[in-house]
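Heads up, the thing below is written out as structure tokens.
The chains referred to below are lettered A, B, ... by the order of the sequence lines, with proteins before strands, and numbering in each begins at 1. Computed over heavy atoms, backbone and side chain alike; hydrogens, waters and symmetry mates excluded.
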Amino acid sequence: MIKSPRGTRDLLPPDTALWNFVETAVRDVFRAYNFHEIRTPIFESTELFARGVGEETDVVMKEMFTWEDRGRAESDRGQSLTLRPENTAGVVRAYIEHKLWDRGLNKLFYIGPQFRRERPQKGRYRQFYQIGAEVIGPAAAGSQSPARDAEILELLATLLDRVGITQWTLELNSVGSPADRAKFNDTLRQALAPAVEKMCADCQRRAITNPLRVFDCKVPEDQPIIETLPTITQFLNDDSRAHFEAVKQILNAVSIPYVENPRLVRGLDYYTHTAFEFTHGALGAQNAILGGGRYDGLSEALGGPPAPGIGFAIGEDRLVLSLTASAESVLRKPDAYIAPLGAGMNREAARLARELRRHDLVIDLGDESFRLKKSFETADKMRARYILIVGENEVAANAFSLKHLASGEQVTVPRAELAQQILRK
RNA sequence: GUGGGAGUAGCUCAAUCGGUAGAGCAUCGGACUGUGGCUCCGACGGUUGCGGGUUCAAUUCCCGUCUCCCACCCCA
């Protein structure tokens, strides 16, 4: 049997109702904040991710699905292509390609699949879905304003509340400018040097390759050493500091709770200033439900003009996992199930179904060969509100037996009044 | 990519010391020819993930492999 490839899965009804519930709610929220949808290709030039995400990151070095195009045209052949591992690079590429700076400030959102060649785990797939947004534009259009950071964070709080996730924590930090980070990294290496021998094997490696990640260490014995390390907060320049303060003040003004986490670092190279994560307790080791931050230098890194930006990406798979609502509860059930009864009744049933569906009713129907008992069982199973019986008696009278399945009440309703009756309850 | 656990009917799970696989639910049919979630009866459903090995005999023991789960690396 051919199975779906490792780390991929089929989303089936009724679960897809839950996904649609999330996506519909998310679109509503984006609309309220005047964000508009962008759809970028699912694959791009490998170079885009190498330059945009960072040549040295794990994502680019070992987690991408990459292949060589073998098109007929000389210009296509040998082009290295990659399934997008994230969507920010693609959005910024589109920003540059279509000169979107001419539109002033762009407030864009996307919903779609991303791909990483990782070892699968719960809530972590090789084809996974992200809901994200980017605010990007010339500095003169306000793209650099702390008001944009705060607006994004407030939007996210609204969004999570809206889908019924209330147990979230917003962790906030500033990672400063690239220069701030370089200084901090040097200091960190020096601070680690005398103690590193006593630390776990992972930390010994991190101390050399990526000192920032030492903060993520969960080994209890290492914590006393980590406590003594400097934090990036002390290395922020005046601009970064002022920006961070302004963001926090707006959050206070709109009553969005947050905790400052000076150890929160971001893995991708392009982040500057504000960095944040929303976590949810019930998710185990993979407790981050979304993350994001500011990336003021990304456009230039991709060959574009200066274009400060801030964005986030929600792991939709994990978001759906942490939902308390059940798929069953958000599934729209049929308003009525039509049971044609006896030879020739399919035609009349089809006519009725068509009439009722015009009234925005959800109608399903069976077949004239079904015994009435079977039709009732089918209607019950799909949780239809009403069953509508279409038999010879009904057709002769042009009035139909309509039974409310939950209460058992049955009435005979003239054809012209059927929709009204069904809409009633 | 590393370490550990698990794979038996569509789903959830049994199967004693190694003796050729069973239940509940689901599906379909009947009891019941125009009135339902109940009840009873019956049917359908299996390469025990896949491949190899040991054995008279393997769901069971061994090896390999695939997939999922947990943790790590990393990240949303």
>> Both A:Gly291 and A:Glu377 contact RNA chain B. Which one's nearest nucleotide lies toward the 5' end?
In response: A:Glu377

>> Going by salt bridge (Lys or Arg N to Asp or Glu O under 4.0 Å), name the pairs with one or both residues in residues 392-413 of chain A, residues two or more places apart or in two chains.
In response: none

> What's the closest nucleotide to the A:Glu63 side chain, out of B:C32, B:G34, B:C74?
Replying inline: B:C74

> B:U27 and B:U59: how far apart are their P atoms, nearest whole angstrom?
Replying inline: 31 Å

> Heavy atoms under 4.0 Å, any strand shown: does A:Ile387 hit a base, just sugar-phosphate, or nothing?
Replying inline: nothing

>> Give me the distance, rounded to whole Å, that separates B:A21 from B:A58 when you measure between the P atoms they each carry.
In response: 12 Å

>> Base, sugar-phosphate or nothing for A:Glu316? Non-hydrogen atoms, less than 4.0 Å.
In response: nothing

> If we ignore angles and hydrogens, is there a donor and acceptor under 3.5 Å between the side chains of A:Asp161 and A:Thr158?
Replying inline: no

>> From the set B:G36, B:C69, B:G34, return the single nucleotide nearest to any side-chain atom of A:Glu394.
In response: B:G34

>> Less than 4.0 angstrom between a side-chain N/O of A:Gln121 and OP1 or OP2 of B:C68, yes or no?
In response: no

> Which salt bridge (Lys or Arg N to Asp or Glu O under 4.0 Å) pairs, counting each pair once, include a residue from residues 359-376 of chain A, with sequence neighbours left out?
Replying inline: A:Lys373-A:Glu377

> Choosing from B:C28, B:U35, B:C70, which nucleotide comes nearest the side chain of A:Lys381?
Replying inline: B:C28

>> So, OP1 or OP2 of B:C68: does either fall under 4.0 Å of a side-chain N or O from A:Arg6?
In response: yes

> Does a salt bridge link A:Glu37 with A:Arg39, judged by any charged N lying under 4.0 Å from a carboxylate O?
Replying inline: yes

> Under 4.0 angstrom, heavy atoms only, what part of the nucleic acid is A:Gly7 near: base, sugar-phosphate, or nothing?
Replying inline: sugar-phosphate

> What about A:Lys403: does its side chain form a donor-acceptor pair under 3.5 Å with the base of B:U35?
Replying inline: yes

>> With rounding to the closest Å, how many angstrom separate the C1' atoms on B:U16 and B:C75?
In response: 47 Å

> Would A:Arg383 and A:Glu328 pass as an ion pair if we require N to O under 4.0 Å?
Replying inline: no

> Heavy atoms, side chains only, cut-off 4.5 Å: are A:Val175 and A:Arg181 in contact?
Replying inline: yes

>> Is there a side-chain contact between A:Glu171 and A:Tyr258 in this structure, where contact means two heavy atoms from C-beta onward sitting under 4.5 Å apart?
In response: no

> Given B:C74, B:G36, B:G34, which nucleotide is nearest the side-chain atoms of A:Leu341?
Replying inline: B:G34

>> Using the C1' atom as the point on both nucleotides, what is the distance between B:C41 and B:A15, in whole Å?
In response: 26 Å

> When you look at A:Glu355 and A:Arg415, which way does the salt bridge (charged side-chain N to carboxylate O under 4.0 Å, His left out) test go after all the steps?
Replying inline: CA-CA 10 Å; A:Glu355 287 168 25; A:Arg415 182 184 201 112; 3.0 Å; yes

> Would A:Lys248 and A:Glu260 pass as an ion pair if we require N to O under 4.0 Å?
Replying inline: yes

> Atom CG of A:Leu402 to atom P of B:G34: distance rounded to whole Å?
Replying inline: 19 Å

> Which residues in residues 408-421 of chain A have at least one heavy atom lying under 4.0 Å from any atom of RNA chain B?
Replying inline: A:Gly408, A:Gln410

>> For A:Asp317 and A:Lys374, find the nucleotide of RNA chain B closest to each by heavy atoms; which residue's nucleotide sits nearer the 5' end?
In response: A:Lys374

> Taking atom P in both B:U60 and B:G19, what distance in whole Å separates the two?
Replying inline: 11 Å

> What does A:Ser401 touch in the nucleic acid at a heavy-atom separation under 4.0 angstrom: a base, only the sugar-phosphate, or nothing?
Replying inline: base

> Distance check: side-chain N/O of A:Arg371 vs OP1/OP2 of B:G29, anything under 4.0 Å?
Replying inline: no

>> I want to check a possible cation-pi pair here: A:Arg9 against A:Tyr125, using under 6.0 Å from ring centre and within 45° of the ring axis as the test.
In response: yes

>> Please check: side-chain N/O of A:Arg126 versus main-chain N/O of A:Pro120, any donor-acceptor pairing under 3.5 Å?
In response: no

>> Could you check whether any side-chain N or O of A:Asn20 sits under 3.5 Å from a backbone N or O of A:Thr16, counting only pairs where one atom can act as donor and the other as acceptor?
In response: yes

Identify all pairs in which a protein N or O lies below 3.5 Å from an N or O of nucleotides 11-13 of chain B, and state each distance.
none

> With sequence neighbours excluded, what pairs up with A:Tyr337 under the ring-ring contact (aromatic ring centres under 6.0 Å, His included) test?
Replying inline: none

> What distance, rounded to whole Å, do you find between the two C1' atoms, one in B:G45 and one in B:A9?
Replying inline: 6 Å

>> Of the listed nucleotides (B:G36, B:U35, B:C75), which one gets closest to any side-chain atom of A:Asp380?
In response: B:G36

> Can you tell me which stems RNA chain B forms when a stem means 3 or more consecutive Watson-Crick or G-U pairs under 3.5 Å?
Replying inline: B:1-7 with B:66-72, B:10-13 with B:22-25, B:27-31 with B:39-43, B:49-53 with B:61-65

> Choosing from B:C75, B:C69, B:A31, which nucleotide comes nearest the side chain of A:Lys122?
Replying inline: B:C69

>> With rounding to the closest Å, how many angstrom separate the P atoms on B:C56 and B:G18?
In response: 16 Å

>> Distance check, C1' atoms only: B:U54 and B:G1, in whole angstrom units.
In response: 34 Å

> What about A:Arg119, does its side chain sit under 3.5 Å from the base of B:C68 through a donor-acceptor pair?
Replying inline: no

> Between A:Ser326 and A:Ser329, is there a donor-acceptor pair closer than 3.5 Å when you use the side chain of the first and the backbone of the second?
Replying inline: yes

> Contact class for A:Leu290 (heavy atom, under 4.0 Å): base, sugar-phosphate, or nothing?
Replying inline: sugar-phosphate

>> At 4.0 Å (heavy atoms only), tell me whether A:Arg117 reaches a base, stays on the sugar-phosphate, or touches nothing.
In response: sugar-phosphate

